[in-house]
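Order of appearance sets the numbers: ligands from 1, and atoms from 1 within every ligand.
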Amino acid sequence: MSISLDTTVSSLMTNRRRVGALKSLGVLTVHDAITYYPFRVTDPVPLLPLRSITVGTAAAFAGVVRELRVRPLAARRGYRLEALVDDTEFALEHSVRPSSANLVFFSYKKHFVDWLSSRLGQGSSIVVQGESSFFNDRLQFTHPETLVIGKDVGTADEGLARVSRPRPVYHANSRISSEHIHESILSMLQALAESDETVGTSTSPNPDALADADERGGDDRKVSAEELGRAIPDIVPEDIRLSNGAMHRAEAIVAMHEPTDAKEFARAIATLRYEEAFISQTALLRSREGVRATPGYACPVDEEHRLPEDFVASLPFDLTAGQHEVIDAIQEDMAKPYPMQRLLQGEVGSGKTVVCVAAMLQAVDSGNQAVLVAPTQVLAEQHYQTISDMVQKLSVGQTAGAGSEAKNTVPVVLLTGGMRLAQRRKVLALAASGEPCIVIATHAAFSTTFQAPNLALVVIDEQHRFGVEQREALRRKNEIAPHLLIMTATPIPRTAALTWFGDLDISELRELPGGRKPIRTIVVQEADGSTMSRMFLHIRQRVEAGERAYIVCPRIDESSEAEEDPEGGAPMSPDDSEQENEAVPLHSVEEIERRLQALPQLKGLRIATLTGRDDDETKQQVMKDFAAGESPVLVATTVIEVGVDVPQASCIVVFDADRFGLSQLHQLRGRVGRGGTKSWAFFISRAEQDSIAAQRLAIIEHSSDGTEIAQADLELRGAGDVLGDAQSGGRSSLKLLRVVKDADVVVHAREQAAELLARDPELSHETILAGAVLDFIRGNEAFLATT
Ligand code: ADP
Ligand code: MG
């Protein structure tokens with residue numbers, strides 16, 4: 001039978017239960033099996049003469065069978081086989097007095113007992129490995145692993161080397177043990193090695209290169225890497241592999257599943273980890289090149305196109321150095337005839353809006369259109385307000401300054417699903433006319449009724465689920481692809497960004513403008529009544545000084561689940577990785593509002609609520625009253641998380657803070673202190689001291705650097721939680737590459753991938769690599785395009 005990596009497990013294995021169990025691990029094909037890597041190897045088993053063995057620990061020794069007895073079991077069906085073994089020669093080698101031990105096996109199967117008896121016949125020299133116990137005054141090994149010298153192995157030394165070898169340990173489940181997984185994988189590797197199918201390639205390891213494997217002194221493995229080379233060809237080009245001192249792919253796969261020692265296992269991991277980094281970076285660099293071959297709008301900034309510059313000059317403040325830098329980079333990008341693909345990462349309040357307005361004006365200035373897509377209606381409206389103000393001031397300033405014919409006012413329009421039909425028609429008509437304009441929109445921009453024939457720039461603000469379909473929907477609208485600017489306040493550690501967004505150019509805004517003060521952050525134990533009480537008193541005082549306070553709860557009411565943003569804009573729902581304390585219900589907006597109404601500290605203050613369940617009109621009204629100070633205390637779910645801007649807000653209280661993700665808390669914290677006032681964040685926690693949750697809160701209590709927080713969060717929780725599942729690589733082809741720790745590997749792989757692509761942009765000499773790159777893109781496109 002010819003077997004390839006695509007062969008299904010079910011066509012190779014007759015044991016249906018085993019096939020089903022492997023399936024439950026996601027192992028359906030031979031490829032899945034050989035890339036189902038162990039997560040560690042056991043320590044090598046020590047070689048010890050019987051006298052030196054400590055009862056209860058694993059050890060290996062060589063001995064001779066002196067006596068063999070098979071007895072039927074009295075109480076049950078079945079047999080007990082007992083072999084008395086002594087270690088005379090082995091003990092003498094170790095200068096210890098010889099001793100003896102019993103090997104005991106139980107079985108219901110007569111044929112197994114017969115087979116075992118013939119192997120372990122009197123006088124057989126064997127090697128034994130197992131855990132010992134003490135029974136009937138004698139050392140005993142129950143169901144040990146045995147190798148018969150002269151049958152299974154040539155010499156005792158060979159046998160000892162084999163049984164003492166470290167064992168790979170796999171993630172198992174209730175249906176299949178690590179040992180059985182191991183056995184299955186080895187049998188598939190063996191089948192693959194023996195298969196007559198040849199994948200004719202020049203990149204299979206040559207026998208010379210594998211010679212060093214043989215030198216390791218009697219490589220007695222079940223599977224030979226040399227034979228596997230045909231079925232598992234190298235992906236990384238030979239010169240790059242050699243320059244890294246890496247193993248062949250086949251060699252590394254064998255060493256993963258059947259390592260001779262821990263060192264070899266480590267080398268195999270390094271080899272395969274690099275391979276993952278290399279494939280993904282090659283894919284990302286190629287996709288980037290692909291974009292450069294797509295026609296886009298060239299929007300220059302020069303003597304005749306000064307709108308962005310005039311805009312910057314019209315602002316009542318100076319740009320931060322970071323803002324200048326990013327605006328310059330964007331101006332350069334958008335002047336090119338292919339679409340920009342830029343990710344702008346910036347702390348909450350770092351001033352991303354100004355940057356994107358400059359970019360939108362650049363599009364408009366060259367006679368084109370721009371759209372800004374916000375995640376929620378509230379945010380779209382806010383952007384609409386601030387951006388029309390800014391742009392209007394710009395036009396007024398121009399008229400006064402120029403004296404003569406001023407540039408026309410740039411039309412700024414709002415497009416949301418909740419708008420009156422007549423108004424919406426007007427906006428849609430303007431966009432469809434192709435006239436230069438700035439459209440501020442919600443998801444309505446993705447609907448087919450929105451047409452903008454001269455759309456030169458799409459800005460995506462704070463959308464964590466902006467997937468490939470939406471990007472495509474925008475692109476497909478016109479023949480020329482728009483420039484793309486994705487803005488996010490979710491800090492992504494540098495290497496994670498490189499690993500997942502390597503096809504985008506990345507800019508960062510790290511400083512807060514206007515000398516804004518960091519927010520005092522205090523973690524409060526909910527059970528600490530006196531601190532809780534002082535906190536509410538503090539809030540009272542701030543409100544009386546003309547400021548506002550947000551109170552955030554994870555749920556709407558007692559019956560609801562933890563809330564997610566209704567429009568899908570919120571990055572994460574409260575952390576569900578620690579749902580085991582489910583017995584304690586999370587606080588809800590309804591409950592906390594009730595309790596605050598009764599609180600003496602807040603007596604006489606109007607307290608409003610805001611949740612995703614409110615309709616848009618209500619939401620708007622509530623936000624207006626809050627901003628105006630009519631109701632200075634707002635109890636809300638995380639709907640306020642993204643972008644909401646009320647400069648007078650100085651306090652935020654988050655209930656059940658221990659159940660939120662750190663980046664989310666950081667976002668929430670960014671809702672206050674936007675007006676330059678001193679501000680406070682109180683994170684109320686019910687987490688046990690020293691729990692992971694408490695450690696995480698300590699991180700955010702002591703750091704205001706979003707990137708640092710994300711990094712620490714990643715280390716405490718693993719990538720999946722921080723980046724969202726699609727990005728965690730759970731099912732992706734990245735199995736060994738770790739986002740935080742493997743920074744160097746990723747950077748090195750990127751360099752080598754760039755060098756290779758410079759030589760061979762189409763990968764025409766690297767067919768195997770080209771295939772792997774394609775698989776990577778197919779399997780991962782969902783998260784490549786997502787922020
Ligand atoms: P974010 O990056 O969170 O979207 P915004 O763009 O909303 O931040 O900016 C936050 C506030 O800071 C806004 O009120 C904005 O007008 C102000 N701002 C932006 N840039 C500067 C600056 N260079 N100096 C002073 N204030 C600024
Ligand atoms: Mg913003």
Could you tell me which atoms of ligand 1, counted from 1 in the order shown, lie closer than 4.0 angstrom to a heavy atom of [X]?
X: Leu319; value: 23 (N)
X: Thr320; value: 23 (N)
X: Asp318; value: 22 (C), 23 (N), 24 (N)

task: For the pair Tyr550 and Phe626, name the ring-plane relationship: parallel under 30°, tilted 30 to 60°, perpendicular over 60°.
output: tilted
query: Can you find a non-hydrogen atom of Gly346 under 4.0 Å from ligand 1?
result: no
For [X] and [Y], does a side-chain donor sit closer than 3.5 Å to a side-chain acceptor?
X: Gln377; Y: Glu381; value: yes
X: Thr386; Y: Asp389; value: no
X: Asp616; Y: Gln620; value: no

query: Looking at residues at least two apart in the chain, or sitting in another chain, which of them share a side chain to side chain contact (heavy atoms under 4.5 Å, CB included) with Ala608?
result: Val622, Ser631, Leu634
- request: Would you kindly specify which portion of Asp461 sits under 4.0 Å from ligand 1, judged on non-hydrogen atoms: side chain, backbone, both or neither?
  value: neither
message: Using a 4.0 Å heavy-atom cut-off, which part of Gln323 comes near ligand 1: side chain, backbone, both, or neither?
response: side chain
4.5 Å side-chain heavy-atom contact, His483 and Asp333: no
From the candidates Thr353, Leu509, Thr488, the one that places a heavy atom nearest atom 5 (P) of ligand 1: Thr353
message: With nothing but distance in play, are any N or O atoms of Phe317 less than 3.5 Å from an N or O of ligand 1?
response: no
